[in-house]
Asks: 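Structure in structure tokens, see below.
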There are 2 protein chains.
Amino acid sequence: MARLPEYLRALTSLAEQGISVCSSEELAGAVNVNSAKLRKDLSYLGSYGTRGVGYDVDYLRYQIAREIGLTQDWPVAIVGIGNLGHALANYSGFGTRGFRVAALLDAAPERCEESVGGIPVRSFDDLDAVLAETPVAIGVIATPAGAAQGVADRLVGAGITSILNFAPTNLVVPAGVSVRKVDLSVELQILAYHEQRRAGAEELRGAAIAAAGEEQSA
Amino acid sequence: MARLPEYLRALTSLAEQGISVCSSEELAGAVNVNSAKLRKDLSYLGSYGTRGVGYDVDYLRYQIAREIGLTQDWPVAIVGIGNLGHALANYSGFGTRGFRVAALLDAAPERCEESVGGIPVRSFDDLDAVLAETPVAIGVIATPAGAAQGVADRLVGAGITSILNFAPTNLVVPAGVSVRKVDLSVELQILAYHEQRRAGAEELRGAAIAAAGEEQSA
DNA sequence: TGCGTTTTGTTCTCACGTTCACAAACTCCT
DNA sequence: AGGAGTTTGTGAACGTGAGAACAAAACGCA
Ligand SMILES: NC(=O)c1ccc[n+]([C@@H]2O[C@H](COP(=O)([O-])OP(=O)(O)OC[C@H]3O[C@@H](n4cnc5c(N)ncnc54)[C@H](O)[C@@H]3O)[C@@H](O)[C@H]2O)c1
Ligand SMILES: NC(=O)c1ccc[n+]([C@@H]2O[C@H](COP(=O)([O-])OP(=O)(O)OC[C@H]3O[C@@H](n4cnc5c(N)ncnc54)[C@H](O)[C@@H]3O)[C@@H](O)[C@H]2O)c1
């Protein structure tokens with residue numbers, strides 16, 4: 001389930017506040033979901049709560065982390081060390097939850113001279129060599145859209161089965177490979193859509209008020 | 001619908017290839033959705049196809065753009081010009097689809113001396129003054145998680161009704177304000193979950209094969 | 001003009017996810 | 001110990017979205 005990470009974050013936040021037990025209502029409130037949904041999600045993992053009391057925060061935290069797979073750490077490779085790649089490589093929030101930047105790759109030779117956050121940028125041509133040195137479970141694509149499919153193909157060819165794609169392209173990959181896409185402009189367009197609908201509704205309201213006024217004056 | 005931007009992107013890609021008419025099957029293939037779903041989505045906007053022929057790419061493109069609201073341009077303000085904020089401010093893909101970075105804001109005084117991509121970084125304290133100078137429709141939050149709710153409150157207070165949040169927090173906002181969240185670590189955790197399940201399945205298969213071997217040898 | 005072909009727009013069915021509601025279970029207090 | 005009060009876990013209704021199937025419409029061709 002895609003909600004488990006949200007629960008985990010909320011639980012961590014509660015733990016930091018020193019709260020050791022919480023009810024499904026409290027936790028659901030923190031994540032903005034229905035409490036029945038939360039309970040059903042959690043019951044899918046097992047019976048980790050006690051009736052009349054609630055859930056033990058630390059215990060539940062561990063169980064969710066185990067379910068997601070965060071009890072081990074996941075080495076990540078970032079491909080495309082441009083604007084976005086730099087930001088990702090510098091991102092400290094990466095390491096806080098079991099993810100570790102294991103390799104940085106770029107096609108441009110001049111990029112390969114620098115190192116970001118203590119990790120050297122290697123040539124994408126040396127992909128296989130780099131993966132032989134350090135195992136990598138997840139590949140992050142931060143290249144221009146045109147190069148993304150080719151990069152994905154090579155990553156899959158090198159045995160990587162999980163890809164996070166920041167380029168605005170629909171990657172096609174063989175069955176058995178997971179791809180998640182983060183698309184900034186889609187998010188902005190959805191916001192624009194709602195914004196426009198709000199503006200439209202306002203106009204309609206205005207028109208209705210004007211019409212009502214006319215009606216009254218007629 | 002959240003799929004409209006995907007359709008629009010696919011249509012743009014077709015237009016660039018010089019294709020002027022396409023069927024729902026072709027377009028659906030490019031976006032990896034069912035063609036019936038695509039047709040249903042499009043029929044929601046109106047009857048813009050011709051039976052027996054398909055859809056006129058340019059016409060449909062315009063209609064979708066109009067529905068989303070991309071016929072006007074949307075000024076965007078970015079708050080928090082750190083690692084991520086810099087990348088966003090430099091991102092050229094912003095402008096290609098009706099979005100324009102109108103203002104950059106940060107709380108740290110030292111940040112306010114530089115300018116990124118030709119746009120000066122202003123103090124977040126001057127939010128109201130900045131918004132008075134240049135209208136802004138969408139606010140992007142790229143501050144640390146702890147500051148995000150406060151920033152959101154101030155943005156809402158200043159009249160902004162659409163927020164794109166990169167900080168790993170659940171923002172609470174009044175009704176009538178849209179928030180979209182982009183959470184990198186949630187995406188990574190979902191990938192890790194699938195990766196772990198694959199590894200588990202593999203182990204099971206291995207165990208089953210071993211068991212079968214034992215059975216045979218027994 | 002009339003028939004066959006193609007493709008849209010729509011209806012119908014089904015499965016999934018969400019929500020309600022309640023019994024079982026646990027705690028606390030008397 | 002027993003009852004009152006809580007809170008989980010889950011069975012059943014509900015609504016929504018996805019996919020299959022088909023009728024209506026346009027085009028081409030004779
Ligand atoms: N910058 C942002 O804020 C932002 C936001 C959302 C999405 N994106 C998307 O992320 C991607 C990268 O954006 P950016 O601003 O960092 O671009 P960029 O041009 O700054 O960086 C791209 C990098 O990829 C490298 N590259 C190109 N082809 C490659 C290949 N075949 N193999 C390996 N490396 C290759 C380039 O050398 C360059 O360093 C783009 O697809 C963009 O649409 C960026
Ligand atoms: N860097 C990444 O690749 C990345 C990826 C995903 C998510 N994020 C998230 O994006 C956010 C920013 O990440 P970052 O790496 O850019 O952090 P950063 O520390 O580099 O930048 C944060 C910026 O926000 C400014 N700031 C702090 N409080 C503020 C306030 N109250 N008002 C205005 N500005 C304020 C700081 O001055 C700083 O410039 C974080 O929440 C992070 O979790 C970052």
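Side chains are part of it too, since the values below use all heavy atoms of this structure and drop only hydrogens, waters and symmetry mates. Numbered from 1 within each chain, the chains take letters A, B, ... in sequence-line order.
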Asks: Would you mind telling me which of D:dG9, D:dA18, C:dT19 lies closest to the side-chain atoms of A:Ser43?
Replies: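 Out of D:dG9, D:dA18, C:dT19, the nucleotide with an atom closest to A:Ser43's side chain is D:dG9.
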
Asks: Using whole Å, what does the distance between atom C1' of nucleotide D:dG19 and atom CG of B:Asp41 come to?
Replies: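 It works out to 13 Å between those atoms.
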
Asks: Find the distance A:Leu38:CG to D:dT7:C1' and express it as a whole number of Å.
Replies: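 The answer, rounded to whole Å, is 12 Å.
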
Asks: Of the non-hydrogen atoms in A:Pro5 and A:Ile68, which two are nearest, and what is the gap between them?
Replies: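 Scanning both residues completely, I find the closest heavy atoms to be N-CD1, 3.9 Å.
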
Asks: Could you work out which one of C:dG9, C:dT11, C:dC20 sits closest to the side chain of A:Asn34?
Replies: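 So the side chain of A:Asn34 is nearest to C:dC20.
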
Asks: Of all heavy-atom pairs between A:Ser24 and A:Leu38, which one has the smallest distance, and what is that distance?
Replies: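 Smallest heavy-atom distance, with atoms named: O-CD2, 3.2 Å.
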
Asks: Using whole Å, report how far NZ of B:Lys37 lies from C1' of C:dC14.
Replies: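 Between C1' of C:dC14 and NZ of B:Lys37: 15 Å.
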
Asks: Output the residues of residues 46-67 of chain B in contact with DNA chain D, where contact means a heavy atom of the residue under 4.0 Å from an atom of the strand; sort by number or write none.
Replies: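 Residues of residues 46-67 of chain B that come under 4.0 Å of DNA chain D are, in numerical order, B:Arg51, B:Val53.
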
Asks: Look at the side chain of B:Lys40 against the base of C:dT10 and say whether a donor-acceptor pair falls under 3.5 Å; ignore hydrogens and angles.
Replies: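 Per atom types, no contact qualifies.
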
Asks: Checking side-chain polar atoms at under 3.5 Å, does A:Glu195 have a donor or acceptor matched by the opposite partner on B:Ser178?
Replies: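 Looking only at side-chain atoms, B:Ser178 and A:Glu195 do not form any donor-acceptor pair under 3.5 Å.
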
Asks: Quick one: does any side-chain atom of A:Asn83 pair with a main-chain N or O of B:Tyr91 as donor and acceptor, under 3.5 Å?
Replies: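 Here the side-chain-to-backbone pair does not exist.
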
Asks: For A:Ser13 and A:Gln17, does a side-chain donor sit closer than 3.5 Å to a side-chain acceptor?
Replies: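 Yes, A:Gln17 and A:Ser13 have a side-chain donor paired with an acceptor closer than 3.5 Å.
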
Asks: Flag yes if more than 12 heavy atoms outside B:Arg197 fall under 6.0 Å of its CZ atom; otherwise flag no.
Replies: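 Result for CZ/B:Arg197: open.
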
Asks: Has B:Arg3 got a side-chain N or O lying under 4.0 Å from the OP1 or OP2 atom of D:dG17?
Replies: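 Checking B:Arg3 against D:dG17: no side-chain N or O falls below 4.0 Å of OP1 or OP2.
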
Asks: Let me see the working for A:Ile19 and A:Glu26 under side chain to side chain contact (heavy atoms under 4.5 Å, CB included), right down to the final yes or no.
Replies: CA-CA 11 Å; A:Ile19 298 169; A:Glu26 293 172 88; 5.5 Å; no

Asks: Taking only heavy atoms on the protein side, list every residue of residues 6-26 of chain A lying under 4.0 Å from any atom of DNA chain D, sorted numerically.
Replies: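 A:Ser23, A:Ser24 - these, ordered by number, are the residues of the stretch whose heavy atoms sit under 4.0 Å from the strand.
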
Asks: What closest approach, in Å, do A:Gly176 and B:Arg198 show between heavy atoms, and which atom pair accounts for it?
Replies: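 Scanning both residues, the minimum pair turns out to be O-NH1, 3.1 Å.
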
Asks: Which whole-number value in Å describes the distance from A:Tyr44 OH to C:dC16 C1'?
Replies: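 So the two atoms are 14 Å apart, to the nearest Å.
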
Asks: Nearest whole Å is fine: how far is D:dG19 P from B:Asn32 CG?
Replies: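 Spelled out: CG on B:Asn32 to P on D:dG19 is 12 Å.
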
Asks: Would you mind telling me which of C:dC12, C:dA21, C:dG9 lies closest to the side-chain atoms of A:Arg39?
Replies: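 Among the listed nucleotides, the one closest to the side chain of A:Arg39 is C:dA21.
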
Asks: Show the numbers, then the answer: is there a side chain to side chain contact (heavy atoms under 4.5 Å, CB included) between B:Asn170 and A:Glu6?
Replies: CA-CA 9 Å; B:Asn170 269 54; A:Glu6 306 284 344; 3.4 Å; yes

